[in-house]
There are 2 protein chains.
Amino acid sequence: MKEGPDIARIAALIGDPARANMLGALMSGKALTASELAAEAGITLQTASSHLAKLEGGGLVHPRKQGRHKYFSLTGSDVAAVLEGLMGLAAGAGHLRTRTGPKDAALRRARLCYNHLAGDMGTRLFDSLIARGHLRRDGGDLVLTEAGAVFAHDFGIDPDGLRTGRAALCRECLDWSERRSHLAGSLGRAFMCRFEELGWARADRTNRVVTFAPHGARQFAALIGSADA
Amino acid sequence: MKEGPDIARIAALIGDPARANMLGALMSGKALTASELAAEAGITLQTASSHLAKLEGGGLVHPRKQGRHKYFSLTGSDVAAVLEGLMGLAAGAGHLRTRTGPKDAALRRARLCYNHLAGDMGTRLFDSLIARGHLRRDGGDLVLTEAGAVFAHDFGIDPDGLRTGRAALCRECLDWSERRSHLAGSLGRAFMCRFEELGWARADRTNRVVTFAPHGARQFAALIGSADA
DNA sequence: TCAATGCTTCGATTAACATCGAACCATGAA
DNA sequence: TTCATGGTTCGATGTTAATCGAAGCATTGA
């Protein structure tokens, strides 16, 4: 009937509460087994299996058999970006699943988005990288500058080692709570990993909340050149 | 059960084929009446009425009574951006509603996205504006530089007049066919309007195709400083 | 080979919702 | 007022699909 891609098909895929819960759980970036996802969505294993087959058919998740377990993960950051966008619309329409509780504030401050840092601290990191000329915008793409490569290297990240994969090095992702961009891509992932390695922050993969230790928050503020801790 | 916004609710809203068709029609940026949307989706008026009430409840569309007609339009560019994102996922998964026909090629070259130019020509315009320093990226936002304001003014656009509204002046929107950004916001709208005013291009609001006249394409290429017509 | 675990398939049930006919309201025109 | 048109509400129907119990594979470990 109409032109263009079949948007209803995948929107309906995301539109089922059980599947949406699974996708939300996968936004942590961690690969989860079918059983774990079933528990997450509050359904039995056989229902989950059916749902996961559909999500896989729609290209939203990617299976990975390992022994007798089957791990699922989001196919890419583009899927995560759309999910974040949907969260933004839902939040804007006031359709919050739970009234804003204590966890909600923590989520807005710092959380995992797929595999990188999101929330207030995520966008501040992104802003700092742009302002200092470590990242530059080239057309629709994001590029790491020379200065940025040095900065990353000093922080213990090897940018050249990240370039090998097929995935984009830098990518921006729209943040649903802040309504601005934060850093995604393998570099975004590397930053988050480093924060954990250094003991600055700890990510709770079950609820996506990232908690910064006091000294971690101070050093993070110093890293991005911010006055406030 | 889970934290965060209720993503399933609005995804399900978009997930119905009839509603998705309506939203797709509204991507042209034009406000359409309930009857027109019903015809677009191939359903009766009473069904359409029910759907539109739901879309309105979800904050995706905005009603506007005018006489005995009721015009609907997308609530904002953020909604359009999510729809484009979904199109990108659907296209990536190979779930095209129609096999790529002649209209598809035209859509990829130039089309309306909400109210601004998208497709190959849209992204080229965006790239040019960035490369020449007319637009600059500041954190997650897009700002019009001094030089950009002069450039816009010379092209017959009054940037200051656009700033008055509550809507963002510049905003980027991810293009589903090109997988990169093009210019949205009131400035994006102004550019598209100007192209039509000058007779460079004509937008078919029923199928979103934007056709450039030969001389219009030449002048467009000159505007963005491209060699090829 | 046997047992246990993780996942898939099949079948039947159930609930949600899209759809439309018909009647009902509101606006604008004669 | 009377008529026509655009839109909404109501009720009944039909289809879709989510759900789970039970049985079936597959992989691992003993």
Side-chain angles (χ1 to χ4, degrees), chain A residues 1-2 6-26 30-74 95 97, chain B residues 1-2 6-26 30-58 60-73 90 93 95 97:
Chain A
M1 178 92 70
K2 304 254 73 51
D6 188 359
I7 167 179
R9 202 155 174 176
I10 50 163
L13 231 43
I14 309 174
D16 179 78
R19 286 193 291 261
N21 282 336
M22 293 181 175
L23 291 172
L26 290 175
K30 195 177 164 93
L32 298 171
T33 69
S35 316
E36 289 170 324
L37 288 168
E40 194 71 32
I43 52 179
T44 64
L45 183 55
Q46 50 269 39
T47 339
S49 179
S50 141
H51 283 311
L52 288 168
K54 287 173 188 175
L55 287 176
E56 185 185 339
L60 296 182
V61 302
H62 180 72
R64 198 187 171 89
K65 293 195 84 164
Q66 219 165 94
R68 55 183 158 183
H69 294 270
K70 195 167 180 182
Y71 285 91
F72 290 89
S73 51
L74 295 185
H95 290 330
R97 204 150 17 172
Chain B
M1 178 91 71
K2 306 254 72 51
D6 187 359
I7 167 178
R9 202 155 174 177
I10 50 164
L13 231 42
I14 309 174
D16 178 78
R19 286 193 292 260
N21 282 335
M22 293 180 175
L23 292 172
L26 291 175
K30 196 178 164 86
L32 298 171
T33 68
S35 316
E36 289 170 325
L37 289 168
E40 194 71 31
I43 53 179
T44 63
L45 183 55
Q46 52 269 38
T47 334
S49 179
S50 143
H51 283 312
L52 287 167
K54 287 173 187 174
L55 288 175
E56 186 185 338
L60 297 181
V61 301
H62 181 72
R64 197 187 172 88
K65 294 196 82 166
Q66 218 164 94
R68 54 182 159 185
H69 294 271
K70 196 168 181 183
Y71 286 92
F72 290 89
S73 51
H95 291 330
R97 202 149 22 169

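The chains referred to below are lettered A, B, ... by the order of the sequence lines, with proteins before strands, and numbering in each begins at 1.
- Considering only side-chain atoms of B:T33, the nucleotide from C:dT19, D:dG7, C:dT8 that sits closest is D:dG7.
- In terms of heavy atoms, A:Y71 sits closest to A:H69 at CE1-CB, 3.9 Å.
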Under 3.5 Å, which donor-acceptor pairs link side chains of residues 42-49 of chain A to any protein atom two or more places apart or in another chain?
from	atom 1	to	atom 2	distance (Å)
A:T44	OG1	A:T47	OG1	2.6

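- Of all nucleotides listed (D:dT19, C:dT8, D:dG7), C:dT8 comes nearest to the side chain of A:K70.
- For the pair B:E36 CD and D:dT5 P, the interatomic distance rounds to 17 Å; values are reported in whole Å.
- Closest non-hydrogen pair, B:L26 versus B:F72, comes out as CD2-O, 3.3 Å.
- Distance A:L55 CG to D:dA18 P: 10 Å, rounded to the nearest Å.
- Spacing between atom CG of A:L45 and atom P of C:dT9 amounts to 12 Å, rounded to whole angstrom units.
- Among the nucleotides C:dT19, D:dG7, C:dT9, the one closest to any side-chain atom of A:S49 is C:dT9.
- If you check every strand for non-hydrogen atoms under 4.0 Å, A:A18 touches sugar and phosphate atoms only.
- Applying the 4.0 Å criterion to OP1 and OP2 of C:dT19, one finds that B:H51 has a side-chain N or O inside that range.
- Distance A:R9 CZ to D:dA17 C1': 15 Å, rounded to the nearest Å.
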Short N/O separations, protein against nucleotides 20-30 of chain C, under 3.5 angstrom:
from	atom 1	to	atom 2	distance (Å)
C:dC20	OP2	B:T44	N	3.2
C:dC20	OP2	B:T44	OG1	3.3
C:dC20	OP2	B:T47	OG1	3.1
C:dG21	N7	B:Q46	NE2	2.7
C:dT27	O2	B:R68	NH1	3.3

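- Look at CG on B:L37: it is 14 Å from P on D:dG6, rounded to the nearest Å.
- Of all non-hydrogen atoms in B:A20 and B:I14, the two that sit nearest each other are CB-O, 3.5 Å.
- Looking only at side-chain heavy atoms (C-beta outward), A:R19 and A:K54 come within less than 4.5 Å of each other.
- For B:K54, a side-chain nitrogen or oxygen approaches OP1 or OP2 of C:dA18 to under 4.0 Å.
- In this structure, B:A8 and A:P17 approach most closely via the heavy-atom pair CB-CA, 3.8 Å.
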